[in-house]
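Worksheet for the structure shown next.
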Amino acid sequence: MDTKILIVDDEPEIVAFTKDYLQDQGYQVITAYNGQEALHSLQLQPNMIILDIMMPGMDGYELCELVRKRVTCPIIFLSAKHSEEDRIRGLMVGGDDYLTKPFSLKELHARIIAHLRREHRLAEETKKCLYFGNLMIDLEGYEVYYLNERLSFTSKEFEMIQFLALHPGQVFSRESMYERIWGFDAEGDSSTITEHIKKIRSKLAKHDPDQSYISTVWGVGYKWEK
């Protein structure tokens with residue numbers, strides 16, 4: 001399992017048994033014992049954060065607000081604070097859930113599964129449309145919009161846009177693009193890719209002249225800018 005969970009708690013025993021349990025369930029577990037360690041660990045791109053509130057220095061509320069400026073993954077507060085006010089505050093500063101200590105590892109795991117399932121559904125819904133600034137690519141509708149205005153592209157032009165935009169930053173040769181879009185047995189050659197790219201760029205430039213969506217990597221091919 002590639003899912004990474006960051007546990008942030010200043011109590012080594014809680015960190016240890018929670019880590020062992022989650023690793024047994026197949027998760028990759030990252031640990032941090034204070035706010036600064038947690039912020040540093042964000043570069044590892046966790047899919048879920050389990051966050052204590054009562055920590056020395058930076059408490060969980062303050063840390064959660066800082067984390068929310070950097071990542072959008074679910075955050076479950078795990079705290080000895082039991083009051084309704086504490087739970088509400090945790091949710092208001094950016095938490096997604098709140099579980100009080102002492103807690104059941106099985107219940108914690110159930111909540112992790114529920115939040116990851118919801119994130120997966122949201123990700124699948126998001127994939128129906130790709131957004132690049134003011135440009136929106138409707139993958140299901142085979143349409144491209146700029147500031148809600150529909151742009152006119154042929155089916156092949158759209159397929160090229162879709163293919164490149166689904167792999168932003170990745171360079172593809174003319175030959176590989178031709179094979180993927182036209183097929184191995186199609187008549188013609190990869191030079192048609194160049195002509196289609198010119199037309200796509202021209203249409204995009206009419207609406208957004210300051211943005212280059214498709215870049216040429218000389219001697220290699222083309223890529224969609226991130």
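Keep in mind that this is a model prediction, so the values were computed, not measured.
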**Any side-chain donor near an acceptor of the partner, Y145 and H207, under 3.5 Å** = no
**Request:** Give every residue pair that meets the salt bridge (charged side-chain N to carboxylate O under 4.0 Å, His left out) criterion with at least one member in residues 129-152, sequence neighbours excluded.
**Result:** E143-R150
**Request:** Please tell me if the side chains of R201 and T216 come closer than 4.5 Å, counting only heavy atoms from C-beta onward.
**Result:** yes
**Request:** Verify whether one side chain among T194 and S191 offers a donor that lies under 3.5 Å from an acceptor in the other.
**Result:** no
**Asked** Are L116 and L108 linked, directly or through other ILVMFWY residues, by side chains that come within less than 4.5 angstrom of each other?
**Response** yes
**Request:** Give a yes or no on whether the backbone of V71 and the side-chain of R68 come within a donor-acceptor separation of less than 3.5 Å.
**Result:** yes
**Prompt:** Can you tell if the side chain of Y213 reaches within under 4.5 Å of the side chain of Q211, non-hydrogen atoms only?
**Reply:** yes
**Prompt:** Are H115 and D97 close enough that a side-chain donor and a side-chain acceptor fall under 3.5 Å?
**Reply:** yes
**Request:** Would you check, one step at a time, whether the test side-chain contact (heavy atoms from CB on, under 4.5 Å) holds for L22 with I112?
**Result:** CA-CA 10 Å; L22 293 177; I112 289 172; 3.8 Å; yes
**Prompt:** Do side-chain atoms of D52 reach the backbone of S79 as a donor and acceptor pair under 3.5 angstrom?
**Reply:** no
**Prompt:** H82 side chain to K101 main-chain N or O, any donor-acceptor pair under 3.5 Å?
**Reply:** yes
**Request:** In sequence, state the C-alpha distance, the side-chain angles, and the governing distance for L166 and I137, and then conclude on side-chain contact (heavy atoms from CB on, under 4.5 Å).
**Result:** CA-CA 10 Å; L166 282 170; I137 303 170; over 6 Å; no
**Request:** Take F132 and W224, measure what ring-ring contact (aromatic ring centres under 6.0 Å, His included) needs, and give me the verdict at the end.
**Result:** CA-CA 10 Å; F132 299 92; W224 188 272; 5.3 Å; yes
**Asked** Are side-chain heavy atoms of C73 and N47 found at a separation under 4.5 Å?
**Response** no
**Prompt:** Do the side chains of Q28 and D2 get nearer than 4.5 Å, heavy atoms only?
**Reply:** yes
**Request:** Check whether any side-chain N or O of S41 sits under 3.5 Å from a backbone N or O of E37 as a donor-acceptor pair, and report yes or no.
**Result:** yes
**Prompt:** In a check of side-chain hydrogen bond (donor to acceptor under 3.5 Å, both in side chains) between Y27 and each of K4, K19, H109, which one passes?
**Reply:** H109
**Asked** Are the side chains of D208 and L135 in touch, meaning some heavy atoms are under 4.5 Å apart?
**Response** no
**Prompt:** Just by distance, do the side chain of N134 and the backbone of Y146 share a donor-acceptor pair under 3.5 Å?
**Reply:** no
**Prompt:** Looking at side-chain heavy atoms only, is the closest gap between M177 and I193 below 4.5 Å?
**Reply:** yes
**Message:** If you define the side chain from C-beta out and look only at heavy atoms, does anything of I214 sit under 4.5 Å from L164?
**Reply:** yes
**Message:** Would you say that M48 contacts I76 through its side chain, given a criterion of any heavy-atom pair below 4.5 Å between the two side chains?
**Reply:** yes
**Prompt:** Between Q43 and H40, is there a donor-acceptor pair closer than 3.5 Å when you use the side chain of the first and the backbone of the second?
**Reply:** yes
**Message:** Looking at K198, is its backbone amide N or carbonyl O close enough to the side chain of S202 to form a donor-acceptor pair, meaning the two atoms are under 3.5 Å apart?
**Reply:** no
**Prompt:** Hey, does the side chain of T18 reach the backbone of V15 with a donor-acceptor pair shorter than 3.5 angstrom?
**Reply:** no
**Request:** Take C129 and L139, measure what side-chain contact (heavy atoms from CB on, under 4.5 Å) needs, and give me the verdict at the end.
**Result:** CA-CA 6 Å; C129 294; L139 300 178; over 6 Å; no
**Prompt:** Checking S212 side chain against S215 main chain: does a donor-acceptor pair fall under 3.5 Å?
**Reply:** no
**Carboxylate-amine/guanidinium proximity below 4.0 Å for R180 and E159** = no
**Asked** Got a donor-acceptor contact below 3.5 angstrom from the R111 side chain to the Y98 backbone?
**Response** yes
**Message:** I'd like to know whether L63 forms a side-chain contact (heavy atoms from CB on, under 4.5 Å) with M55, so could you lay out the CA-CA distance, the side-chain angles of the two residues, the decisive distance to 0.1 Å, and finally the verdict.
**Reply:** CA-CA 10 Å; L63 176 58; M55 295 185 292; 4.0 Å; yes
**Message:** Quick check on ring-ring contact (aromatic ring centres under 6.0 Å, His included): which of F153, F158, W182 does H196 satisfy it with?
**Reply:** W182
